[in-house]
Novice: 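If you scroll down you'll find the structure; I have some questions about it.
All chains are named by letter (A, B, ...) in the order of the sequence lines, taking the proteins before the strands, and each is independently numbered beginning at 1. Just so it is clear, the structure is predicted and the values come from calculations on it, not from any experiment. Below, all heavy atoms of this structure are taken into account, side chains as well, without hydrogens, waters or symmetry copies.
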Number of protein chains: 2
Amino acid sequence: MATRPKPIATPRLPLTRDRVLLSALELADRDGIESLSMRKLGRRLGVEAMSLYNHVADKDDLLDGLADIAVGEIEVPSIGEDWRAALRRRAISAREMLARHPWAAGLMESRTNPSPARSRYPEAVLGSLRQAGFSVEMAIHAFFTLDSYIYGFAVQERNLPSGTPEQLASVAQDILRALPPAEYPYLNEVIVGHVLKLGFDYADEFEFGLDLILDGLGEIRAGA
Amino acid sequence: MATRPKPIATPRLPLTRDRVLLSALELADRDGIESLSMRKLGRRLGVEAMSLYNHVADKDDLLDGLADIAVGEIEVPSIGEDWRAALRRRAISAREMLARHPWAAGLMESRTNPSPARSRYPEAVLGSLRQAGFSVEMAIHAFFTLDSYIYGFAVQERNLPSGTPEQLASVAQDILRALPPAEYPYLNEVIVGHVLKLGFDYADEFEFGLDLILDGLGEIRAGA
DNA sequence: ACCTGAACACCGTTCAAGT
DNA sequence: ACCTGAACACCGTTCAAGT
């Protein structure tokens, strides 16, 4: 009787940069990055959009923060690991991250200003290569080849249908309808003769090109 | 004296879908895709934004049209060409297109509905591979590997600095300032020891990874 | 120190009205 | 058939005002 009860059962958590970023990440994962607006994010946090500006400089800063969280999820190989194993594991981890957060590939594109979190990744890849005996020039070549592949694959994966074999089959049927076999025989062959029959696993598909590239780099290293 | 002179020297051209698309393309090339709005495009064409809807279903349709123009600029190799030469030439032409239109890579991502213009490209690549004797499965692998690389490289190129050696050097200096050598020795080595000294040519860099991948595919074909 | 209301300059798009 | 004005539901962001 002496003290008035708190007006609401769950007292509002104080806003912090981390809470803002985490909530933005969940929103982006669930509804897509294009529907992440300062106003919606504010509503989600029970606050007016303008309050967010106390914890984040502007929307660009928010997106920078998301990009840093994303690259931070890429596995860091233990030191002393074989160069091939280290690069392979990092590549697979990067693809998994980009598949988990479909918005991340797009953010990597637009966040061009360097940040510590985003600089650590290329630094580590170049380090693995140099320590393995690649020349500076070859390390640059290898980095571009690997990174282009990883990134490009992730974007293709994001834009192609996925899901259970049944869902995949149903989407494939829709696509086939726009591709008359007489005009597109090879696309039909691939979809009808392979994807619909045997399914499609992005992780497996990714490893084919990854190993092809790593094999090629191995030969260059052996020849050097 | 009999007829009144036309009020303006250059009578307004009638709006057509092609004029709308061409103007949008120029705007995107010059100011970037993010500043391409229906309202600005209308202003550019001397018309209210709403008039554009007589020639284009909506903004999505406009972007679809731009994506179709972009893929249409990728060179189609002459028939009967060696598979390796055909794939190589197409890949180089695709990279050139994506470098010419920095907005195109992003559009390829978002335009997921198939269109004839955009289906012709994968159809042709798969055709080259199948005719060269690759199995359906290997043709899929090869397509993903090549296309991921091309696309990923183009995006990296778009986001990294370019220009004359002097411009490149000045941007590199700015980047270096954010990368203390003690923490990022390998990035420093690459930038100071190689890029600043020898410059950097994206077309050359692209061909390294491209040839590595084509060599790998050639071995698979020989072994099959 | 943090949050808010009102306001500004933008978006894409619909719809009834004009020619 | 094509173009327009007014309107709607959205944006990001600033700024003075509240607590």
Side-chain angles (χ1 to χ4, degrees), chain A residues 3-4 6-8 10-28 30-67 103 106-107 109-113, chain B residues 3-4 6-8 10-28 30-67 103 106-107 109-113:
Chain A
T3 57
R4 255 197 298 152
K6 292 263 172 68
I8 31 172
T10 56
R12 196 154 79 187
L13 281 172
L15 231 47
T16 62
R17 183 170 224 270
D18 279 357
R19 274 219 327 132
V20 170
L21 287 179
L22 188 68
S23 191
L25 186 139
E26 287 166 1
L27 201 57
R30 195 171 44 113
D31 297 341
I33 193 86
E34 71 283 350
S35 96
L36 170 60
S37 76
M38 299 299 273
R39 292 164 126 106
K40 276 193 204 149
L41 182 54
R43 214 173 303 143
R44 211 177 121 83
L45 287 161
V47 112
E48 296 298 315
M50 309 82 206
S51 307
L52 301 173
Y53 288 83
N54 286 307
H55 303 97
V56 129
D58 52 15
K59 193 176 183 185
D60 252 34
D61 185 32
L62 179 79
L63 296 177
D64 273 336
L66 289 185
W103 45 268
L107 277 198
E109 288 187 42
S110 49
R111 314 290 94 200
T112 51
N113 59 328
Chain B
T3 58
R4 255 198 296 151
K6 290 263 171 67
I8 32 169
T10 56
R12 195 156 79 186
L13 281 173
L15 232 45
T16 62
R17 182 170 223 269
D18 279 357
R19 276 221 321 134
V20 170
L21 286 179
L22 189 68
S23 192
L25 186 139
E26 287 167 1
L27 201 57
R30 195 170 45 110
D31 298 341
I33 193 85
E34 70 285 351
S35 97
L36 170 61
S37 75
M38 298 299 272
R39 291 163 126 110
K40 275 194 204 149
L41 182 54
R43 214 174 301 143
R44 210 178 121 83
L45 287 161
V47 110
E48 297 299 316
M50 308 84 206
S51 307
L52 301 172
Y53 288 82
N54 287 306
H55 303 95
V56 130
D58 52 17
K59 195 177 181 184
D60 252 34
D61 184 33
L62 179 80
L63 297 177
D64 273 337
L66 288 185
W103 44 268
L107 276 198
E109 287 186 44
S110 49
R111 313 289 96 201
T112 52
N113 58 330

Novice: Side-chain N or O of S37(A) versus OP1/OP2 of dC11(D): is the shortest distance under 4.0 Å?
Specialist: yes

Novice: Tell me the stems DNA chain C sits in, counting at least three consecutive Watson-Crick or G-U wobble pairs, each under 3.5 Å on both distances.
Specialist: C:4-8 with D:12-16, C:12-16 with D:4-8

Novice: Could you state the atom-to-atom distance from CG of L41(B) to C1' of dT13(C) in whole Å?
Specialist: 15 Å

Novice: Could you tell me if the side chain of R111(A) sits less than 4.5 Å from the side chain of L66(A), heavy atoms only?
Specialist: no

Novice: Indicate the atoms forming the closest heavy-atom contact of H55(A) with T16(A), along with that distance.
Specialist: CD2-CA, 3.9 Å

Novice: Counting only non-hydrogen atoms, which of residues 53-61 of chain A are less than 4.0 Å from DNA chain C?
Specialist: N54(A), H55(A)

Novice: Indicate the atoms forming the closest heavy-atom contact of L62(B) with A24(B), along with that distance.
Specialist: CD1-CB, 4.0 Å

Novice: Kindly indicate whether the side chain of L36(A), heavy atoms from C-beta on, has any atom under 4.5 Å from the side chain of R44(A).
Specialist: no

Novice: Compare every heavy atom of W103(B) with every heavy atom of I33(B), then report the nearest pair and how far apart it is.
Specialist: CB-CB, 3.5 Å

Novice: Whole-Å distance between dC3(C) P and R43(A) CZ?
Specialist: 18 Å

Novice: How many angstroms lie between atom CG of L27(B) and atom CG of L22(B), to the nearest 0.5 angstrom?
Specialist: 11.5 Å

Novice: Within this structure, what is the CE-to-P distance between M38(A) and dG5(C), rounded to whole angstrom?
Specialist: 17 Å

Novice: Could you walk me through whether K59(B) and L41(B) pass the side-chain contact (heavy atoms from CB on, under 4.5 Å) test, one step at a time?
Specialist: CA-CA 11 Å; K59(B) 195 177 181 184; L41(B) 182 54; over 6 Å; no

Novice: State, to 0.1 Å, how close G65(B) and L21(B) come at their nearest heavy-atom pair, and which atoms those are.
Specialist: CA-CD2, 4.0 Å

Novice: Please state how far atom CG in L63(B) lies from atom P in dG12(C), giving the value in whole angstrom units.
Specialist: 10 Å

Novice: Can you pull every protein N or O that's under 3.5 Å from an N or O on nucleotides 7-9 of chain C?
Specialist:
none

Novice: Which whole-number value in Å describes the distance from I33(A) CD1 to dG12(D) P?
Specialist: 11 Å

Novice: Do the side chains of M38(B) and V56(B) get nearer than 4.5 Å, heavy atoms only?
Specialist: yes

Novice: Find the distance L52(A):CG to dA1(C):P and express it as a whole number of Å.
Specialist: 19 Å

Novice: Can you tell if the side chain of L15(B) reaches within under 4.5 Å of the side chain of N54(B), non-hydrogen atoms only?
Specialist: no

Novice: Atom CD of E48(B) to atom P of dG12(C): distance rounded to whole Å?
Specialist: 14 Å

